[in-house]
Undergrad: 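First the structure, then my questions, so here it is.
Counting starts at 1 for both ligands and their atoms, following the listed order. Fair warning: this is a prediction, and the values are worked out from it, not measured in the lab.
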Amino acid sequence: MKLLIVNGPNLNLLGKREPGIYGARGFEDYYAELKQRYPDIEFDYFQSNIEGELINKLHEAGFSWDGIILNAGAYTHTSVALQDAIRGINTPVIEVHISNVHQREEFRHHSMISCACIGVICGFGLDSYRLAVEAFLAKK
Ligand code: DQA
């Protein structure tokens, strides 16, 4: 199984950015642990702060990978283009969020991409990514 993790804007700052909300751990550290935990899964990881680069990555992986775990950051709430990209590819996408967006500001309650994803996981900290891996494994 080949799973791609895609992180959007500001998620390169995990560990430094608003640790009260997103935790004190950097993503690279978490990603290393995730790979160790699932030695039979082929993972790749991509992060960009640029909407078009996220779309290009979805296009690149979206016809050959088995699953994409996408935390689109704030583009979740704004991007019709990301919704269209998810609709345009064959690979199923799970939307994840570290924080429980529904306990936060009103503008975070709506996602432009959920309707194009096979499911949404939010609010479990970095463990949201592992839960998405489990969801893909359960679907196999
Ligand atoms: C986030 C939630 C978004 O509302 C926010 O803009 C982020 C991170 C999360 O993982 O909790 O950048 O996607």
Undergrad: Counting non-hydrogen protein atoms only, what is the nearest one to atom 9 (C) of ligand 1? Give residue, atom name and distance.
TA: Ile98 N, 3.3 Å
Undergrad: Between Pro9, Ala74, Ser99, which one has a non-hydrogen atom sitting closest to atom 11 (O) of ligand 1?
TA: Ser99
Undergrad: Does an N or O from Val101, backbone or side chain, lie closer than 3.5 Å to an N or O of ligand 1?
TA: no
Undergrad: Which residue and atom name correspond to the protein heavy atom nearest atom 6 (O) of ligand 1, and how close is it?
TA: Arg108 NH1, 3.0 Å
Undergrad: To the nearest 0.5 Å, what is the distance between CG (Asp127) and CD1 (Ile98)?
TA: 11.5 Å
Undergrad: To the nearest 0.5 angstrom, please state how far the CG atom of Asn12 sits from the CZ atom of Phe27.
TA: 12.0 Å
Undergrad: Write out the residue and atom name of the closest protein heavy atom to atom 7 (C) of ligand 1, then the distance separating them to 0.1 Å.
TA: Tyr22 OH, 3.4 Å
Undergrad: Got a second to check how far Arg108's CZ is from Cys122's SG, nearest 0.5 Å?
TA: 12.0 Å
Undergrad: So, Tyr30 side chain and Leu126 main chain: donor-acceptor pair closer than 3.5 Å or not?
TA: yes
Undergrad: Is the shortest N/O to N/O distance between Thr76 and ligand 1 below 3.5 Å?
TA: no
Undergrad: Donor-acceptor pair, distance only, cut-off 3.5 Å: does the side chain of Gln47 make one with the backbone of Gly8?
TA: yes
Undergrad: Using modelled atom types only, decide if a donor and an acceptor are shared between the side chain of Ser79 and the backbone of Thr76 within a distance under 3.5 Å.
TA: no
Undergrad: Identify the protein heavy atom lying closest to atom 4 (O) of ligand 1, giving its residue, its atom name and the separation to 0.1 Å.
TA: His77 NE2, 2.7 Å
Undergrad: Is there any N or O on Asn71 that sits under 3.5 Å from an N or O of ligand 1?
TA: yes
Undergrad: Between the candidates His97, Arg17, Glu95, which shows the shortest non-hydrogen contact distance to atom 13 (O) of ligand 1?
TA: His97
Undergrad: Please report the shortest heavy-atom distance between Met112 and Gln83, naming the atom on each side.
TA: O-NE2, 2.6 Å
